[in-house]
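Please read all numbers here as calculations on a predicted model, not as lab measurements. Both counts, for ligands and for their atoms, begin at 1 and track the order of listing.
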Amino acid sequence: MERKEVIISPEKIKEQYRYMDLVKDLLGQRMQSVHYAYVETFGCQQNEADSERIMGMLVSMGYTKTTDPTNADIIIVNTCAVREHAELRALSITGQFKHLKEKKRSLIIGVCGCMVSQEHRKEDIKNKYPYINFLFGTSMNYRLPEILYTALIKQKRAYYLDCGDQGNIAEGLPVERESSFKAWVSVMYGCNNFCTYCVVPYVRGRERSRDKGEILSEINDLAKKGYKEITLLGQNVNSYGKDLPEEYDFADLLSDICKIEGDFTVRFMTSHPKDASKKLIDTMAKNDKIAKAFHLPLQSGSDRILKEMNRHYDKKSYLELVSYMRERMPDIAITTDIIVGFPGETEEDFEETLEMLKTVEYDNIYSFIYSKRKGTKASVMECQIPEKVKKERFARMIETQNAISNGKNNIYLDTVQRVLVEGRSKTNPDKLTGRNEKNRLVHFSGPDSLIGCWANIKITEAETFSLSGELIK
Ligand code: 5AD
Ligand code: SF4
């Protein structure tokens, strides 16, 4: 019953298509023949996926995609709120766009994403960034055509933030994917977990799963177009299906995706350790299409801190899960997220986390300095850790992990790795770069024609963050 309310009705989506036509007509009446759209994206893959739909709508409205904001006629900044650093970067970039607007008065600037869904940030932008045309929260993305049309005809600032807690699901919107061989596919949105440090449940609403038919048909289409890598997205993919009327969970979805014909790999993120099931691990082990790589955020290695974080697992159950994964898939790559300096974290708590890194031997970790998020429980906890201590612990964490990653990379020496070639290396354009099944970066020499294809590489060198090798013909 609840689901009917979260899915935006086809009539409402059609209405947005009508607005797309209206905007297209308006642009057509102008002297200018090309109108450029620029989207700046901060934060996670979900935001990147959202931006691809935002660009999809803009292109459908007659805009041409540009990677250069200086020639844009419309700029959308898609923001992140997970850490203060990301917010400050988004605000700083938005500040820089003011000069563009001074040069081109007709420039439209919109700000969306997680940051603007917070009341205090909305007020900040309202007061300090008067040249922004409109703000829209994550559950308003699908209304961009209407929002833009209104901005073009009324030239009055507007705020579309009334999303409530629930959130929604909008199907059938156009998408302009960044890559022609790697695709994001959201399977669910929102989060119900309320980890005490995290702002996501407040800005992305409650958990809601996309209809399996919609997901399978999107992937079918991608496979037919020759996409080689499909990454399923959700704040907590293991909750997939809990809100669906039929008994159907994330493992069932993965099994069905693997039945789709095509030479593609499936990845997924993110899994919550409290919900990652043996059934999911068995499904991974059974299906060759699923990359043997698992991102399993630990956050802290101290049971006391995990409790304070409201994570609902302990070190023991986490390690049991890791053991089961390795039992079923001995060479699986495991990565994690760690927060350093959560309120009240003692030296002993921190050392327990370092111990966990050594015990699990992660292939890679994403570590973050704890950032106070307004409205979350942890932000008002006593014993906030001084910045200096957080930084010192962060450095020790990186040092510990680097030694582990280095050792892990050495095992690839002299092996042949199948990689998906992504493009030219940013640091060394003479080389191509790709990723193997375990998500390791591999550099090698080869022609541009390999970009977007699978290639076999004999590994000759291992560094901390990447491998190098030779293309096998
Ligand atoms: N401070 C620091 N890191 C955070 N994360 C989420 N909230 C915060 C915060 N307030 C990290 C978690 C999560 C990742 C996406 O971001 O590790 O898994
Ligand atoms: Fe944030 Fe926790 Fe939800 Fe992840 S599971 S999005 S860390 S609240």
Side-chain angles (χ1 to χ4, degrees), residues 42-50 79-89 113-115 117-118 120-121 138 165 167 186-209 231 233-240 242-243 250 268-276 294-302 305-313 318 334-345 350 353 356-357 362 364-381 384-385 387 389-391 393-394 397-398 401:
F42 292 91
C44 65
Q45 289 81 3
Q46 184 56 58
N47 256 20
E48 287 180 31
D50 285 350
T79 63
C80 169
V82 169
R83 283 169 291 275
E84 189 183 25
H85 182 65
E87 292 194 318
L88 297 181
R89 274 176 55 227
C114 295
M115 183 177 81
S117 298
Q118 306 167 101
H120 67 289
R121 286 298 185 199
T138 51
D165 261 359
S186 300
V187 299
M188 58 162 315
Y189 306 98
C191 182
N192 290 354
N193 288 317
F194 289 95
C195 300
T196 54
Y197 51 81
C198 187
V199 76
V200 168
Y202 303 92
V203 293
R204 285 217 173 246
R206 295 294 69 74
E207 282 173 0
R208 53 218 186 261
S209 308
T231 304
L233 299 179
Q235 245 70 46
N236 179 12
V237 287
N238 309 109
S239 282
Y240 177 80
K242 284 185 184 164
D243 55 329
F250 185 59
F268 57 87
M269 63 195 313
T270 295
S271 289
H272 195 302
K274 79 174 165 57
D275 299 315
F294 209 111
H295 186 63
L296 192 66
L298 171 68
Q299 312 298 3
S300 168
S302 150
I305 294 290
L306 285 173
K307 219 175 178 131
E308 291 288 310
M309 289 176 161
N310 192 33
R311 292 288 288 174
H312 295 283
Y313 55 86
Y318 185 98
I334 303 178
T335 53
T336 201
D337 290 346
I338 305 279
I339 296 180
V340 179
F342 182 82
E345 182 188 72
F350 175 65
T353 306
M356 276 296 269
L357 299 194
Y362 291 104
N364 202 355
I365 66 166
Y366 301 87
S367 46
F368 307 103
I369 289 181
Y370 168 73
S371 168
K372 222 176 178 178
R373 304 288 66 212
K374 209 172 173 147
T376 60
K377 280 201 175 146
S379 69
V380 289
M381 284 179 184
Q384 298 284 329
I385 308 295
E387 227 34 56
V389 176
K390 287 199 259 189
K391 284 195 176 137
R393 286 183 188 162
F394 184 77
M397 162 114 8
I398 301 286
Q401 180 56 36

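- Heavy atoms of Gln299 found under 4.0 angstrom from ligand 1 belong exclusively to the side chain.
- With respect to atom 6 (S) of ligand 2, the closest heavy atom belonging to the protein is Gln235 CG, 3.4 Å.
- Every atom of ligand 2 is numbered from 1 in the order shown, and the set under 4.0 Å from a heavy atom of His272 is 5 (S).
- Ring centroids of His295 and Tyr366 are separated by less than 6.0 Å, placing the two rings close together.
- Within ligand 1, counting atoms from 1 as listed, the ones closer than 4.0 Å to a heavy atom of Arg373 are 10 (N).
- For atom 8 (S) of ligand 2, the nearest non-hydrogen atom of the protein is Cys195 N, 3.4 Å.
- Here Ile339 has side-chain heavy atoms under 4.0 Å from ligand 1, and that is the only part of it that gets that close.
- Shortest contact from atom 3 (Fe) of ligand 2 to any protein heavy atom: Cys191 SG, 2.2 Å.
- For atom 10 (N) of ligand 1, the nearest non-hydrogen atom of the protein is Ser371 O, 2.8 Å.
- The nearest heavy-atom contact from the protein to atom 5 (S) of ligand 2 is Asn193 ND2, 3.4 Å.
- Nearest non-hydrogen protein atom to atom 7 (S) of ligand 2 is Tyr197 OH, 3.3 Å.
- Note that OH of Tyr189 is 8.0 Å distant from CZ of Arg208, once rounded to the nearest 0.5 Å.
- A donor atom on one side chain and an acceptor atom on the other are found under 3.5 Å apart for Ser209 and Asp243.
- Taking CZ of Phe42 as the start and CZ of Arg89 as the end, the distance is 5.0 Å to the nearest 0.5 Å.
- Heavy-atom contacts of Pro201 reach the following atoms of ligand 2: 8 (S) (cutoff under 4.0 Å).
- Between Phe368 and Phe394, the gap from one ring centroid to the other reaches at least 6.0 Å.
- Look at Glu345 and Arg393 and you find a salt bridge, because one of the NZ, NE, NH1 or NH2 atoms lies within 4.0 Å of a carboxylate O, short of that distance.
- Taking 2.8 Å as the criterion, Cys198 counts as a coordinating residue of atom 1 (Fe) of ligand 2, since one of its N, O or S atoms falls below it.
- With respect to atom 7 (N) of ligand 1, the closest heavy atom belonging to the protein is Tyr197 CD1, 3.3 Å.
- Shortest contact from atom 18 (O) of ligand 1 to any protein heavy atom: Asp337 OD2, 2.6 Å.
- Without hydrogens or angle criteria, Thr336 side chain to Leu298 main chain gives a donor-acceptor distance under 3.5 Å.
- The proximity of Pro297 to ligand 2, defined as any non-hydrogen pair under 4.0 Å, does not occur for either the backbone or the side chain.
- When only non-hydrogen protein atoms are considered, atom 6 (C) of ligand 1 lies nearest to Val82 CG1, 3.4 Å.
- You'll find the side chain of Ser271 stays beyond 4.5 Å of the side chain of Asn236, heavy atoms only.
- Contacts with ligand 1 closer than 4.0 Å are made by no heavy atom of Val200, backbone or side chain.
- Going from atom CG of Asn193 over to atom CE of Met309 covers 13.5 Å, rounded to the nearest 0.5 Å.
- By the 3.5 Å distance cut-off applied to N or O atoms, Arg83 is counted among the residues near ligand 1.
- Glu87 and Arg373 are joined by a salt bridge, as a carboxylate oxygen and a charged side-chain nitrogen come within less than 4.0 angstrom of each other.
- Atoms of ligand 1 lying under 4.0 Å from at least one heavy atom of Tyr370, given by number and element, are 1 (N), 2 (C).
- For atom 2 (C) of ligand 1, the closest non-hydrogen atom on the protein side is Ile369 O, 3.4 Å.
- Checked by atom type, the side-chain pair Glu207/Ser239 shows a donor-acceptor distance below 3.5 Å.
- Using 4.0 Å as the threshold, Arg311 has a heavy atom nearer than that to some atom of ligand 2.
- Within the structure, the closest approach of Val199 to ligand 1 does not fall below 4.0 Å when heavy atoms are considered.
- Ring geometry for Phe342 against Tyr197 counts as perpendicular: the plane angle is over 60°, on a 0 to 90° scale with 30° as the lower cut.
- Here the CD1 atom belonging to Ile339 is positioned 8.0 Å from the SG atom belonging to Cys195, to the nearest 0.5 angstrom.
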